[in-house]
A.B. asks: 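Sharing a structure here in structure tokens format.
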Number of protein chains: 4
Amino acid sequence: MTTDISSDKAIFERRESQVRSYCRSFDAVFARAKGSTLHDAKGNSYTDFLSGCSSLNYGHNDPDMKAALMAHIADDGIAHALDMYTGPKAEFLEAFERLVLAPRGMDHKIMMTGPTGANAVEAAIKLARKVTGRTNVIAFTNGFHGMTLGALSLTGNSGKRRGAGVPLNSVTHLPFEGSLGDDVDTLAMIEAMLENDSSGIDAPAAFILELVQGEGGLTAASRSWVEGVARLAKKHGAKLIVDDIQAGIGRAGDFFSFDDMDIEPDMITLAKSLSGFGLPFALTLIRPELDVWKPAEHNGTFRGNTHAFVTARIALEKFWADDAFKVEIAEKAAVLTGRLQRIADMIPGARLKGRGMMQGVDVGNGGLAGAICAEAFVRGVIIETSGADDEVVKVLAPLTTPMDQFKEGLDTLAEAARACVETRIAAE
Amino acid sequence: MTTDISSDKAIFERRESQVRSYCRSFDAVFARAKGSTLHDAKGNSYTDFLSGCSSLNYGHNDPDMKAALMAHIADDGIAHALDMYTGPKAEFLEAFERLVLAPRGMDHKIMMTGPTGANAVEAAIKLARKVTGRTNVIAFTNGFHGMTLGALSLTGNSGKRRGAGVPLNSVTHLPFEGSLGDDVDTLAMIEAMLENDSSGIDAPAAFILELVQGEGGLTAASRSWVEGVARLAKKHGAKLIVDDIQAGIGRAGDFFSFDDMDIEPDMITLAKSLSGFGLPFALTLIRPELDVWKPAEHNGTFRGNTHAFVTARIALEKFWADDAFKVEIAEKAAVLTGRLQRIADMIPGARLKGRGMMQGVDVGNGGLAGAICAEAFVRGVIIETSGADDEVVKVLAPLTTPMDQFKEGLDTLAEAARACVETRIAAE
Amino acid sequence: MTTDISSDKAIFERRESQVRSYCRSFDAVFARAKGSTLHDAKGNSYTDFLSGCSSLNYGHNDPDMKAALMAHIADDGIAHALDMYTGPKAEFLEAFERLVLAPRGMDHKIMMTGPTGANAVEAAIKLARKVTGRTNVIAFTNGFHGMTLGALSLTGNSGKRRGAGVPLNSVTHLPFEGSLGDDVDTLAMIEAMLENDSSGIDAPAAFILELVQGEGGLTAASRSWVEGVARLAKKHGAKLIVDDIQAGIGRAGDFFSFDDMDIEPDMITLAKSLSGFGLPFALTLIRPELDVWKPAEHNGTFRGNTHAFVTARIALEKFWADDAFKVEIAEKAAVLTGRLQRIADMIPGARLKGRGMMQGVDVGNGGLAGAICAEAFVRGVIIETSGADDEVVKVLAPLTTPMDQFKEGLDTLAEAARACVETRIAAE
Amino acid sequence: MTTDISSDKAIFERRESQVRSYCRSFDAVFARAKGSTLHDAKGNSYTDFLSGCSSLNYGHNDPDMKAALMAHIADDGIAHALDMYTGPKAEFLEAFERLVLAPRGMDHKIMMTGPTGANAVEAAIKLARKVTGRTNVIAFTNGFHGMTLGALSLTGNSGKRRGAGVPLNSVTHLPFEGSLGDDVDTLAMIEAMLENDSSGIDAPAAFILELVQGEGGLTAASRSWVEGVARLAKKHGAKLIVDDIQAGIGRAGDFFSFDDMDIEPDMITLAKSLSGFGLPFALTLIRPELDVWKPAEHNGTFRGNTHAFVTARIALEKFWADDAFKVEIAEKAAVLTGRLQRIADMIPGARLKGRGMMQGVDVGNGGLAGAICAEAFVRGVIIETSGADDEVVKVLAPLTTPMDQFKEGLDTLAEAARACVETRIAAE
């Protein structure tokens, strides 16, 4: 019976809420996955250039994580322990300290939040408000930080915001780099607004930003802009929160998206690929002097997913013990840039967006971008759009994708783009 | 190396945020768990009367769920698929429809929210506001609904609320049954406030309530009170949201806490024991006519945890295909009531709280309740308090606890209580 | 031309906003007024039982105030001086200190707010929030405190509240005495809510209340209830704000509505009859230790209306230098009670409301109350309704109304009531 | 006794709240005033270059208004009539229609709000929110719109905002022309933010702006910028509210500050000089199709100050029946520009601000500007600063100031400036 059910989509139509979304783009029932390949119930296979929106940076079912997780479960390892002490938590903390924090000279405390990025963001802004005694938080145009009320108030997308049903308050949205046109100095504008004691922009508790805007169109902030924001935050007594949920953990090129910049974020939110295996897991890093939480002042049932501790530790040890993975990402990123440029060259006005393994092509409108993604899916590549108008074809391949499969997938994407461009020309 | 790390608590002190809490009550590093028994790294074992705050209603590492999950992983089953269609999701939906909804004549749609109870609650109040065009939500004193900004605004606890750092708005808190004293008719009071067009209480989008207040002191609302609230909600055009995150999935005696009441909630939130295995998983049930979400209007990376689909389906099939489990719960609940009464009888003014397998003893103050729990831990039972002043010793044993272990654990609890009472008497 | 214009209502229809209201009940163009009598442009005269909603407690154009104001203007006295020092302000302050504060042992500072009651209320809650560092303010069902955003959030009436267009926040509305039925102890309920640390009612910056609810149906709080609220406020670190805008300045029987109670309000708002002459003027009294405003932290162009200083001083000296006026009010109040009882006796279920010269008859519904007022107007008495459903016929005669005119007006009101009752009976 | 009191400042220190402000700059007790001259209790006289912050555009005690007001009072004309129909109201409406609206082809309805500018602003934003069903209002940096909660949320000044004690919400503050530097195109920036569907700036109910920022530093928006804002408002479905409380009624050169621009504001707020005599009076003009108020949906005791109706009508008839007054203002404005330029020339970096009879000199910092005003006061000229840092010496002389007195006052101001500049030089 199982087989029949699993390939029959009637149950979704009948029973799952209309809010479901990705399934509308990818008309298949998926069954198995390994590395960068997904298999559906009918036996078709697909190259995954979506990676669970950057939640599967190491691909599906990495064999080492898989083995460790199965061993843990086989041994009746803890699955759920609230925030009690467990061996897997200790091992994760130790690995994170040794492989992530120590090499960077960071001394942040690790806060296990509820296992969603939104929850990590909510914790960060709560703490910034508590520490500063201020309420206003500065977020940026086209930012995406989650869908719970506090996180949603930071998010730019109007469709998502309207879902709140109440005004979203105590946040000031200022322009992200480039959002007012390439020639407008948004940093100067932000500085002028903050320096003006009658601007109506209340003294901020925090700035929160993504260095590469995952949902907002793959806009990557420059080093100088980010450092400028960090400087302004410091000057105005605001905490700097880097939301590295989508751009972190290798996606933008290194473990953190800011690793090559001269900033010291007060807080950093991580989720998505943190577990390494696609399991729900999120945390907020906090500079030690800001860790003034009372016990349980922000709590939750699933903070600290023990299965995720197991796989996350393996991921850190396997991929971040030396620079090899970073070098591999850089090589693939270079290939990606080259291939995307060829696609951009097909489309008048198109331009590349993003950096590292978080790149895409802004094709000018959501209609064309959507058509390219749909064509790619027909050809066996799973890929999605990004941006305020869904105008960017966004490649979020697993960072571990073998080079051959990666290039093949990019070839397929180029074919899809070419088909759409030709169709458009024919229609004119 | 692993062994040393996992039994050394220095790493937690050094690296984990001060916000951690349960670990402060239970001074051990846990390693393995099976059924109702936890084992620490030093080889000690404990009976679990906390169950991950009701997230482990079927105990730890249920063998059937464990086998299914291991088979799924071994076969490179999907771990993460955003909200795309997968076989395990189809099977879960089918089982939930067949075993939960259909027998109750319910036709609710299933919304996969982010995998935390707070996220399910946030989704529910968003939808209620969207559907009604109203902003105010009525919540009740001593209610607990989560820690993200929207959920926190519904939560009563002042310590948690202060953590928000901003005023929590668009919620009216009205008195839960019994909260103004046993002789005060809170339902009449609520009705009078709502009927008065100049009460200052804006027309509500929804009422949200727990039928047994898990964090608020195990207060169980009576059938007539709950039905009265449901009637008022209907009369005033408000949606009725039952938060069954802690009281549902068998804890209060049946799958839903309201199964023996004549109400038809518009929305129901589930999380905690939903996966059956302690994995992060949450959903919101929505009456079909209210399912007016636009695609992705509330979204999130981890909505629909595929591993959890696997275990949750097994849980439904194993425990809810017939009435046997419900009967078993009732038997244990009766034992629990009897044993708790004996404890209450030791303490002047103490009284029983709760219902089903969600019962406890209000011992009058948090100091005594905390002391009893601490004494129980020394004797090998993990148990926590509940209530505004932590005044209730709360038993949340796995529903599957073997009767012998259950009685033994309750004996231990009674000993702990007796020890505390005697110490107190001696001190006077 | 002037004469024609002034008796032609077309200009109002053509040019004045639909928001106008009282003019809809009283179909006349008024020209002159003296004492308790209004004259319209056609030569009709009316007894004024509305008094500008208690803004004309000393009647129209009191001869002494009139003379002083004309002398002031004739002498090119200041009309407008922002909040600079002027002679009339000094004289007003001195008279207020000598005749109002000193006899009561009060040491409050006088804050000249914008010349509306709403502005005085906004200033009071700002200061309470500033002083306490808290945001929540407790207001009461059926309270009316004004229509600007802060004041409106305190007001109970749902029609007024909907006008805000945004959620009204940071206020908790609790039940006023009697609002849940005569037998419900609202004070105990409020106390229970405040004592419960998990009630969801955030620690209040202030309680604000009217001792007799002018717009809310003339409900008069008992001495014990008011003292109980004062006690609770003190216990919970909240400031007590008495809104005496409508009930103060003689209306409820003495200068302040709380003069016979054992309370010491932290702040008191006054407006309406403060100028004595119907001129816009408002102030907030502040206990000296709470006067921590920075200069201009709450400002406004018209705070301190100099013409009003002139008349207000005369009013204080003429009416409040000894007890004679208070005795006169008490005598009229007794007459009023007796006459209203006769009206109440005509109507099954009717009951008296209010106290002092702020009394009325709750006739059970707005239809009948409105009909009585309309009948009274036809007979030459201007009178309005009050209450959530406009169910109270409210007598707000000038306190200075000659006894004969007062009784005659009340006779007319009784005739109007009788006519309505007979019409109703005939219709059945 | 009166004389002594009125010249003794001890009463203010003893009894008036610390919030008082202008009196701190002008150390005198004022007694009488006529035209542009104020007299204090000691017999000193002062030229008034403050005009009640533009509330006395026609000077003090204009003889025609004075005569009409005295006649009205002498005849027992109405002083207070709530919003009932009165002769003076009809005459004011007729005059306003005939002399203000009709010549401009405007068909706005006149809403009598509470008699403060803040109240007129609160009414306007309420209505914009009601009409559009949106909550967000766009206000501009350095704008000042009042101190009640709704108006304060629109105001830029941080000191004033902090007085609220709660977060000020549902308003987006965008940069006024020039506020980001002379070379930054703020209009383009605003347009880009509004066009971006992911900017996080919710669709606005209204834009509210002053064309010359009275408190914000006398920045005058250019015709093209204002028309651009009007165009953006229309395009985005937002209502355009011109706050003409300080810049209107002749101050900026014509009756409305936008009379020479091609815009049609949906709403206009007026107060300050509206009565002509310095009496509290405010109104909101509303395009007729937006006048969807329910009766009393925004109400208040003092809306429609009858004394002010009398003087306001005279003011309209005397000054606005033909172009003579406008021509006179233009002549004086030209003189003002020339004289202020001479002052600016004394101070390195100083520059002129404003337009019409609402001009000043930005001297670069508040210390110098304050010193100049203090020096001017010593020399018999009352004048104040403006701007976020009080850096502008602001001339707000009565528009009716005789040319000789005007020039003399400006000479005095120049002397004061020279003295300060010399002192500064000497100190270096």
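Throughout, protein chains are lettered first and strands after them, A, B, ... in sequence-line order, and every chain is numbered starting at 1. Since the structure is predicted, the reported quantities are computational estimates derived from the model, not experimental observations. Hydrogens, waters and symmetry mates are skipped; everything else that's a heavy atom, side chains included, is used.
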A.B. asks: Is B:Leu283 close to chain A through its backbone or its side chain, or both, or neither, when contacts mean heavy atoms under 4.5 Å?
C.D. replies: neither

A.B. asks: Could you look at A:Asp107 and say if it's the side chain, the backbone, both or neither that has a heavy atom under 4.5 Å from chain B?
C.D. replies: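 When you check distances to chain B, atoms from both the backbone and side chain of A:Asp107 fall under 4.5 Å.
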
A.B. asks: B:Ile73 versus chain A, heavy atoms under 4.5 Å apart: side chain, backbone, both or neither?
C.D. replies: both

A.B. asks: By a 4.5 Å heavy-atom criterion (distance strictly below it), what part of A:Leu279 contacts chain B: side chain, backbone, both, or neither?
C.D. replies: both

A.B. asks: Out of curiosity, A:Phe12 CZ to A:Arg24 CZ, how far, rounded to the nearest 0.5 Å?
C.D. replies: 12.5 Å

A.B. asks: Output all residues satisfying side chain to side chain donor-acceptor pair (under 3.5 Å) with B:Lys130, sequence neighbours left out; order by chain, then residue number.
C.D. replies: B:Glu297

A.B. asks: Taking side chain as everything from C-beta outward and backbone as N, CA, C, O, which of these in A:His298 sits under 4.5 Å from a heavy atom of chain B? Side chain, backbone, both or neither.
C.D. replies: both

A.B. asks: Most heavy-atom pairs under 4.5 angstrom with chain B, which of A:Met111, A:Met70, A:His39?
C.D. replies: A:Met70

A.B. asks: Could you tell me whether B:Glu94 and A:Arg15 make a salt bridge, using a distance below 4.0 angstrom between a side-chain N and a carboxylate O?
C.D. replies: no

A.B. asks: Give, as side chain, backbone, both or neither, the part of A:Ala31 having an atom under 4.5 angstrom from any heavy atom of chain B.
C.D. replies: backbone

A.B. asks: At a 4.5 Å cut-off on heavy atoms, which part of B:Ala28 comes close to chain A: side chain, backbone, both, or neither?
C.D. replies: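 Contact with chain A: backbone only.
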
A.B. asks: So which part of A:Asp76 gets closer than 4.5 Å to some heavy atom of chain B, the side chain, the backbone, both or neither?
C.D. replies: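 Both parts, backbone and side chain.
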
A.B. asks: Between chain B and each of A:Arg14, A:His80, A:Lys272, count heavy-atom pairs under 4.5 Å; write down the option with the most.
C.D. replies: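 Going by pairs under 4.5 Å, I would pick A:His80.
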
A.B. asks: Most heavy-atom pairs under 4.5 angstrom with chain B, which of A:Pro288, A:Ala123, A:Ala164?
C.D. replies: A:Ala164

A.B. asks: Answer with side chain, backbone, both or neither: which region of B:Ala74 has an atom nearer than 4.5 Å to a non-hydrogen atom of chain A?
C.D. replies: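 For B:Ala74, heavy atoms of backbone and side chain both lie under 4.5 Å from chain A.
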
A.B. asks: Listed by chain and number, what are the side chain to side chain donor-acceptor pair (under 3.5 Å) partners of A:Asp62, not counting sequence neighbours?
C.D. replies: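 So A:Asp62 forms a side chain to side chain donor-acceptor pair (under 3.5 Å) with A:Lys318.
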
A.B. asks: I'd like to know if the side chain of A:Ser153 and the backbone of A:Leu168 have a donor-acceptor N/O pair within less than 3.5 Å.
C.D. replies: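 No, the answer is negative, given that no donor and acceptor are paired below the 3.5 Å cut-off.
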
A.B. asks: For the pair B:Asp83 and B:Arg303, find out whether any cationic side-chain nitrogen is under 4.0 Å from an anionic carboxylate oxygen.
C.D. replies: yes

A.B. asks: What part of A:Ile245 is in contact with chain B, defined as an atom under 4.5 angstrom from a non-hydrogen atom: side chain, backbone, both or neither?
C.D. replies: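 A:Ile245 has no heavy atom closer than 4.5 Å to chain B.
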
A.B. asks: To the nearest 0.5 Å, what is the distance between CZ on B:Phe30 and CG on B:Asp48?
C.D. replies: 8.5 Å

A.B. asks: Based on non-hydrogen pairs under 4.5 Å, which of A:His72, A:Lys89, A:His60 is most in contact with chain B?
C.D. replies: A:Lys89

A.B. asks: Between B:Ala81 and chain A, with a heavy-atom cut-off of 4.5 Å, which part of the residue counts as in contact: side chain, backbone, both or neither?
C.D. replies: neither

A.B. asks: Counting only non-hydrogen atoms closer than 4.5 Å, does A:Thr148 touch chain B with its backbone (N, CA, C, O), its side chain (CB onward), both, or neither?
C.D. replies: both

A.B. asks: For the pair B:Lys9 and B:Glu16, find out whether any cationic side-chain nitrogen is under 4.0 Å from an anionic carboxylate oxygen.
C.D. replies: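 Salt bridge flag = no for B:Glu16 with B:Lys9.
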
A.B. asks: Measuring from atom CZ of A:Arg129 to atom CG of A:Asn136, what distance do you get when rounded to the nearest 0.5 angstrom?
C.D. replies: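 If I round to the nearest 0.5 Å, the distance is 8.0 Å.
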
A.B. asks: Where on A:Leu285 is there a heavy atom nearer than 4.5 Å to chain B: the side chain, the backbone, both, or neither?
C.D. replies: neither

A.B. asks: Examine whether an atom of A:Phe144 lies under 4.5 Å from a heavy atom of chain B, and if so say whether it belongs to the side chain, the backbone or both; otherwise answer neither.
C.D. replies: side chain

A.B. asks: Do any N or O atoms from the side chain of B:Thr116 and from the backbone of B:Asn119 form a donor-acceptor pair under 3.5 angstrom?
C.D. replies: yes

A.B. asks: For each of B:Met112, B:Glu97, B:Lys160, tally heavy-atom pairs with chain A at distances under 4.5 Å, and name the one with the top tally.
C.D. replies: B:Glu97

A.B. asks: Indicate the atoms forming the closest heavy-atom contact of B:Ala120 with B:Ala282, along with that distance.
C.D. replies: CB-CB, 4.2 Å

A.B. asks: Check whether B:Phe96 gets within reach of chain A through its side chain, its backbone, both or neither, counting any heavy atom under 4.5 Å.
C.D. replies: neither

A.B. asks: Side chain, backbone, both or neither: which part of A:Ser55 has an atom under 4.5 Å from a heavy atom of chain B?
C.D. replies: side chain

A.B. asks: Could you go step by step and tell me if A:Gln18 and B:Val292 meet the side chain to side chain contact (heavy atoms under 4.5 Å, CB included) rule?
C.D. replies: CA-CA 7 Å; A:Gln18 291 300 325; B:Val292 298; over 6 Å; no

A.B. asks: Of the backbone (N, CA, C, O) and the side chain (C-beta and beyond), which part of A:Leu152 lies under 4.5 Å from a heavy atom of chain B, both, or neither?
C.D. replies: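 Just the side chain, heavy atoms under 4.5 Å.
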
A.B. asks: Give, for atom CG of A:Asn61 and atom NZ of A:Lys66, the distance between the pair rounded to the nearest 0.5 Å.
C.D. replies: 5.5 Å

A.B. asks: How long is the span from the CH2 atom in A:Trp293 to the OG atom in B:Ser21, to the nearest 0.5 Å?
C.D. replies: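 Output value for this atom pair is 12.5 Å.
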
A.B. asks: Where on B:Leu38 is there a heavy atom nearer than 4.5 Å to chain A: the side chain, the backbone, both, or neither?
C.D. replies: side chain

A.B. asks: Any side-chain heavy-atom pair from B:Tyr22 and B:Cys53 closer than 4.5 angstrom?
C.D. replies: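 B:Tyr22 vs B:Cys53: side chains touch.
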
A.B. asks: Please flag which part of A:Ala308 lies under 4.5 Å from any non-hydrogen atom of chain B: side chain, backbone, both or neither.
C.D. replies: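 No part of A:Ala308 comes within 4.5 Å of chain B.
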
A.B. asks: Select one option (side chain, backbone, both, neither) describing which atoms of A:Arg20 are under 4.5 Å from chain B's heavy atoms.
C.D. replies: both

A.B. asks: Side chain, backbone, both or neither: which part of B:Ser170 has a heavy atom under 4.5 Å from chain A?
C.D. replies: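 Side chain only.
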
A.B. asks: Taking every non-hydrogen pair under 4.5 Å, which of B:Ala33, B:Gly165, B:Pro295 racks up the most with chain A?
C.D. replies: B:Pro295

A.B. asks: Select one option (side chain, backbone, both, neither) describing which atoms of B:Leu101 are under 4.5 Å from chain A's heavy atoms.
C.D. replies: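 Answer is side chain: those atoms of B:Leu101 sit under 4.5 Å from chain A.
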
A.B. asks: What part of A:Leu69 lies closer than 4.5 angstrom to a heavy atom of chain B: side chain, backbone, both or neither?
C.D. replies: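 Contact with chain B involves the side chain of A:Leu69 alone.
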
A.B. asks: Rounded to the nearest 0.5 Å, what's the gap from OH on A:Tyr58 to OG1 on A:Thr311? Could you check?
C.D. replies: 10.0 Å

A.B. asks: If I measure from the heavy atoms of chain A, does B:Asp75 come under 4.5 Å with its side chain, its backbone, both, or neither?
C.D. replies: both

